[in-house]
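Numbers here simply count residues along the sequence, with the first being 1. Indexing begins at 1, ligand by ligand and atom by atom, following the structure's order.
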Amino acid sequence: MPDFFKDIGQIKYEGKTSTNPLSFKYYDPDRTVMGKPMREQLKFALSWWHTLGGDGTDMFGVGTADKKWGGSDPMSTDKGKVAAAFELMEKLSVDYYCFHDRDLAPECPTLSESNEKLDIIVDMCKDYQNKTGKKLLWGTAKCFDHPRYMHGAGTAPSADVFCYAAAQIKKALESTVKLGGNGYVFWGGREGYETLLNTNMSLELDNMARLMRMIVDYGRSIGFTGDFYIEPKPKEPTKHQYDFDTATVLAFLRKYNLDKDFKMNIEANHATLATHTFQHEIRVARDNGVFGSIDANQGDMLLGWDTDQFPTNVYDATWCMYEVIKAGGFTNGGLNFDSKARRGSFTPEDIFYSYIAGMDTFALGLINAEKLIEDGRIDKFVSDRYVSWNTGIGADIIAGKMTLSDIEKYALQKGEVMDSLTSGRQELLEGIVNNVLFS
Ligand code: XUL
Ligand code: CO
């Protein structure tokens, strides 16, 4: 087995007083938090594309990091990636990974050649999984980077492009099933539009639903019992992505009767691009029974695009884990670091520092979420705020006992209701949160 990171050993938990940069300060995989070991609560996953493939290339310059993994052509590089990925997962105690088909193996001149190459790498991954116990969290198809998908894949104006995408997704799903993955993601890379002057939006969305229905039915027929996810994003690469945010996706799923098979894969940076908080997106999913998985990263409020930075904001991670715990924890999903080291962080050690920073941040988030839930003051405040719905008129409305006319009669008798208002106490609550987090 090649040793790409031979100067770096197993990353261990050393506690918050350690100054060793190659150690976890907060992530202690075996520590029990909210009734389960951290590694089971957090279910960290490595993103194949950023970690093994992302070399720092941007719109203004070529890559800065060597991501050839000892290879001299696409296939030998892709084989090197497998060895590097499993070495990283082992050394970082990351138990899962996620891939796009074309991250694993190259795009070839024909679909059948691409499929053959994919089979070779999938078999390699399966061997490595068997040897290491690492698992696939979810797979997906890269139906957005090849020029054939310039106008979309499932929403392409060309029926031939739709068929190519359908066949590619079928193969990506088969590969996911072969590797025992419990999730399959649809992220609509170019499923959207630039202008309505050339777009039949209704046909495009009907077609996307047709494709999803076919894939779900096929997946179930080959024994896939996991979750299908949609990953909302409002823009980038298209001006208007169809899967704008969780609420928009829910309306789509319900319209096409797909809501029983799909859950959400919520990405922090996509939430903020939609001008929502990360927590808002998870809450909408949780309240509607479609919370599935997380793409962990963060954006930069001063930049307007998907920067996919490793998450280091402890407040955001805290509210994420608070929602995840309230949703009952992860089942098939997990925390996939859809994150990349900055272009200037180009050395192999930077991969380790990035994951350590992200994992420690989410460990803190989990610990903090437990503290907030156990403290109980926030939960109590929220439940007290709605106390008028527990008895009397409020309870009768909820029970469906009151008509609009009954309510009108009540309001006329009651008169002015200003004295029923109570303060929202936002500043008090923010202070309590800081008190709980830093005590
Ligand atoms: C793009 C993005 C994707 C999806 C998988 O913004 O997040 O990497 O997670 O296709
Ligand atoms: Co993502």
Side-chain angles (χ1 to χ4, degrees), residues 43-55 57-59 85 96-104 107 136-146 149 152-155 165 168-169 171-173 175-176 181 183-192 208 211-212 215 226-246 249 262-274 276 278 281-282 285 291-300 303-311 316 320 332-341 354 358 362:
K43 291 184 70 184
F44 288 128
L46 163 147
S47 63
W48 208 274
W49 52 104
H50 288 312
T51 311
L52 287 319
D55 66 358
T57 300
D58 71 10
M59 304 234 271
Y96 297 85
Y97 66 100
C98 300
F99 67 77
H100 299 84
D101 50 0
R102 302 296 177 251
D103 307 327
L104 290 185
E107 173 97 33
L136 175 66
L137 189 70
W138 53 256
T140 187
K142 203 175 231 177
C143 289
F144 47 85
D145 69 339
H146 191 281
Y149 296 128
T155 63
Q168 187 181 331
I169 294 170
K171 182 68 184 176
L173 178 60
S175 305
T176 301
Y184 185 87
V185 166
F186 284 84
W187 169 64
R190 292 186 195 274
E191 316 294 16
M208 192 68 227
L211 175 60
M212 286 181 171
I215 296 294
D227 289 321
F228 289 94
Y229 302 117
I230 294 187
E231 183 179 319
K233 185 175 184 181
K235 56 188 168 192
E236 200 200 2
T238 68
K239 181 176 85 174
H240 185 105
Q241 297 274 130
Y242 288 133
D243 298 332
F244 192 93
D245 61 1
T246 302
V249 172
F262 278 87
K263 291 189 172 146
M264 301 291 157
N265 182 37
I266 308 280
E267 178 162 328
N269 205 164
H270 296 181
T272 50
L273 283 177
H276 295 309
F278 185 21
E281 283 292 86
I282 308 172
F291 170 69
S293 204
I294 296 287
D295 266 12
N297 61 17
Q298 69 188 29
D300 184 317
L303 303 173
W305 61 91
D306 195 14
T307 58
D308 283 346
Q309 288 164 230
F310 269 87
D316 285 346
C320 169
N332 288 326
L335 276 164
N336 166 45
F337 285 106
D338 193 352
S339 315
K340 57 185 174 198
S354 305
F362 269 88

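Of the possible donor and acceptor atoms, none in the side chain of Glu231 sits under 3.5 Å from a partner among the backbone N and O of Val185. Looking at Asp245, its side chain never comes within 3.5 Å of a backbone N or O of Pro232 through a donor-acceptor pair. Judged purely by atom type and a 3.5 angstrom limit, Glu267 has no side-chain atom pairing as donor or acceptor with the backbone of Lys233. A donor-acceptor contact shorter than 3.5 Å links the side chain of Asp55 to the backbone of Thr57. Within the 3.5 Å criterion, the main-chain N or O of Gly333 finds a donor-acceptor partner in the side chain of Lys43.
In this structure, His270 has a heavy atom closer than 4.0 Å to ligand 1. Residue Asp306 places a heavy atom under 4.0 Å from ligand 1.
Inspection of the environment of the Co ion (ligand 2) yields the following protein N, O or S atoms under 2.8 Å: Glu231 OE2, Glu267 OE1, Asp295 OD2, Asp338 OD2.
Within the listing of ligand 1, atoms 8 (O) sit less than 4.0 angstrom from a heavy atom of Trp49. The atoms of ligand 1 that sit less than 4.0 Å from any heavy atom of His100 are 5 (C), 8 (O), 10 (O). Counting the atoms of ligand 1 from 1 in the order shown, those under 4.0 Å from a heavy atom of Lys233 are 6 (O).
The part of Glu267 lying near ligand 1 is the side chain, judged by heavy-atom distances below 4.0 Å. Contacts between Glu231 and ligand 1 below 4.0 angstrom, taking non-hydrogen atoms only, involve the side chain exclusively.
The shortest distance between side-chain heavy atoms of Phe186 and Met212 falls below 4.5 Å. Looking at Asp308 and His50, their side chains come closer than 4.5 Å, going by heavy atoms from C-beta outward. Counting only heavy atoms from C-beta outward, the side chains of Asn332 and Lys263 never approach each other to under 4.5 Å.
Taking only nitrogen or oxygen atoms, main chain and side chain alike, Asp295 reaches within less than 3.5 Å of ligand 1. Checked against a 3.5 angstrom limit, the closest N/O atoms of Asp338 and ligand 1 fall inside it. Between Asp308 and ligand 1, no pair of N/O atoms sits closer than 3.5 Å.
Scanning all heavy atoms of the two residues, the minimum distance from Tyr149 to Phe144 falls at CD1-N, 3.8 Å.
Donor-acceptor pairing under 3.5 Å is lacking for the side chains of Trp187 and Asp243.
Here the rule is ring-ring contact (aromatic ring centres under 6.0 Å, His included) with Phe337, and of Trp49, Phe44, Trp48, Tyr96 only Phe44 fits it.
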